[in-house]
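Just below is one structure, and these are the notes that go with it.
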Protein chains: 2
Amino acid sequence: MRMTTQGDYALRCILAIAYKSAKGPVAISRIVEEEHLPSDYTEQLMMKLRHGKLVKSVRGVKGGYLLNRHPSRITLKDVLEAVEGQAFKVICGHKNGRKKKMCSGECVLKGVWMGLKRKIDGYLENKTIASLMK
Amino acid sequence: MRMTTQGDYALRCILAIAYKSAKGPVAISRIVEEEHLPSDYTEQLMMKLRHGKLVKSVRGVKGGYLLNRHPSRITLKDVLEAVEGQAFKVICGHKNGRKKKMCSGECVLKGVWMGLKRKIDGYLENKTIASLMK
DNA sequence: CGATACCCGATGTTTTTTGTCAACTATAAT
DNA sequence: ATTATAGTTGACAAAAAACATCGGGTATCG
């Protein structure tokens, strides 16, 4: 099990915007410089955050990104889901010949993994961008 | 964030051995058939479990694997660490030009990720093979 | 000795993750 | 209006991780 840099990057971006958007939109170029992130990749992530309604964009000169709601109403889970689909993906199953066969109800492990997922989701739901800013 | 099939497979194997080793060692061939796992790959995983001292092997005809300690003393974390190094790997950092620069102390996110790691490890430490057998 | 089953290193394939590129559109400032 | 800035979009490429296979070994039982 491992985390992805995607999630880490996305959180850095959101956090940077939360801190610096008081006087207008924050441009990707600025985030990228200050956080030392790969610029085109970051752009993609910002797109996902926008599609996930976590940020809104302003185009043109002086443009950039703003948070779409108050930092206290954006959880880490929201951010990770926006860029990764799910904060934690359970892949419980095995190959049976050629086709993948997912676990059925009787599978003990499925329960374990889902329990873990709940734990992880719970942790991430209870941390907001605002809570990281203190 | 996602889990790996490796971890899932390894747990299935350990569980299968726990259930079936009463009358002697359990062969990989048997586990592989009953659990529908890829056989050579499973062999690799069993090797890792052996190096991690979770199982012991018996060679030759009628050979196979046995648990190296009581199911109640093998946690899921033990198993995952044996095959994956760490149950949950934190990759907190970013590229700065060419060289990777890891987070320093001031990094807020590092704390978040480490907190999550603790949560995950805790969950996995508190589940034993025995507890899955009920 | 022969059949079984673990041992082990090397190699190959697939998928996911990470990163790059180029052409486009909207906006502000001049 | 023109130009520079900055987001939009989709396709592509590289790297890493995960998943899997292969082949030649060694130990043990019958």
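Chain letters run A, B, ... following the sequence lines, proteins first, then strands; residues in each count from 1.
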From [atom1] of [X] over to [atom2] of [N], roughly how many Å is that when rounded to an integer?
X        : N       : atom1 : atom2 : result
Leu49(B) : dC8(C)  : CG    : P     : 14 Å
Tyr65(B) : dA5(C)  : OH    : C1'   : 9 Å
Asp8(B)  : dC19(D) : CG    : C1'   : 13 Å
Arg30(A) : dG7(D)  : CZ    : P     : 12 Å
Tyr41(B) : dT13(C) : OH    : P     : 17 Å
Leu37(A) : dG19(C) : CG    : P     : 9 Å
Leu45(A) : dT18(C) : CG    : P     : 9 Å
Arg2(A)  : dT16(C) : CZ    : P     : 12 Å

Mapping Asp40(A) and Lys89(A) onto DNA chain C by nearest heavy atom, which one lands closer to the 5' end?
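With Asp40(A) and Lys89(A) compared, the 5'-side residue is Lys89(A).
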Donor/acceptor link under 3.5 angstrom from Glu43(B) side chain onto base of dC6(C):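 No pair found.
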Nearest atoms (heavy-atom pairs only) where Ala82(B) meets Leu49(B):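 Closest approach of Ala82(B) to Leu49(B), heavy atoms only: CB-CD2, 3.9 Å.
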Would you mind telling me which residue lines up with the more 5' stretch of DNA chain D, Gln44(B) or Met47(A), judged by nearest nucleotide?
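Counting from the 5' end, the first nearest nucleotide belongs to Met47(A).
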**Prompt:** Are Leu66(B) and Ile14(B) linked, directly or through other ILVMFWY residues, by side chains that come within less than 4.5 angstrom of each other?
**Reply:**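 The answer is no; the residues belong to distinct hydrophobic clusters.
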Q) Are any of Thr5(A)'s side-chain N or O atoms less than 4.0 Å away from OP1 or OP2 of dT18(C)? A)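 For dT18(C), OP1 or OP2 has a side-chain N or O of Thr5(A) closer than 4.0 Å.
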The side chain of [X] lies closest to which of these nucleotides: [options]?
X        : options                  : value
Ala27(A) : dA6(D), dG19(C), dA18(D) : dA6(D)
Gln6(A)  : dC7(C), dA20(D), dT18(C) : dT18(C)
Pro38(B) : dG19(C), dA20(D), dC6(C) : dA20(D)
Arg50(B) : dC19(D), dT9(D), dC7(C)  : dC7(C)

* To do: Would you confirm whether Glu84(A), through its side chain, and Met1(B), through its main-chain N or O, come within 3.5 Å as a donor-acceptor pair?
  =>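 The answer is yes, because a donor-acceptor pair under 3.5 Å joins these two groups.
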| Under 3.5 Å donor-acceptor, Ser131(B) side chain and Lys127(B) backbone |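 No; zero donor-acceptor contacts below 3.5 Å.
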Check the side chains of Asp8(B) and Thr5(B) for a donor-acceptor pair under 3.5 angstrom, ignoring hydrogens and angles.
->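 Note: Thr5(B) and Asp8(B) side chains miss the donor-acceptor criterion.
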- Lys119(A) NZ: over 12 foreign heavy atoms closer than 6.0 Å: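 Atom NZ in Lys119(A) is not crowded, with 12 or fewer foreign heavy atoms closer than 6.0 Å.
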Discussion item. Looking at Arg69(B), I want to see if its CZ is surrounded by more than 12 non-hydrogen atoms of other residues, nucleotides or ligands under 6.0 Å.
Written reply: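 Correct, the count exceeds 12.
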* Asked: Of the residues in residues 53-63 of chain A, which ones touch DNA chain D at a heavy-atom distance under 4.0 Å?
  ->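 Listed by number, they are Ser57(A), Val58(A), Arg59(A), Gly60(A), Val61(A), Lys62(A), Gly63(A).
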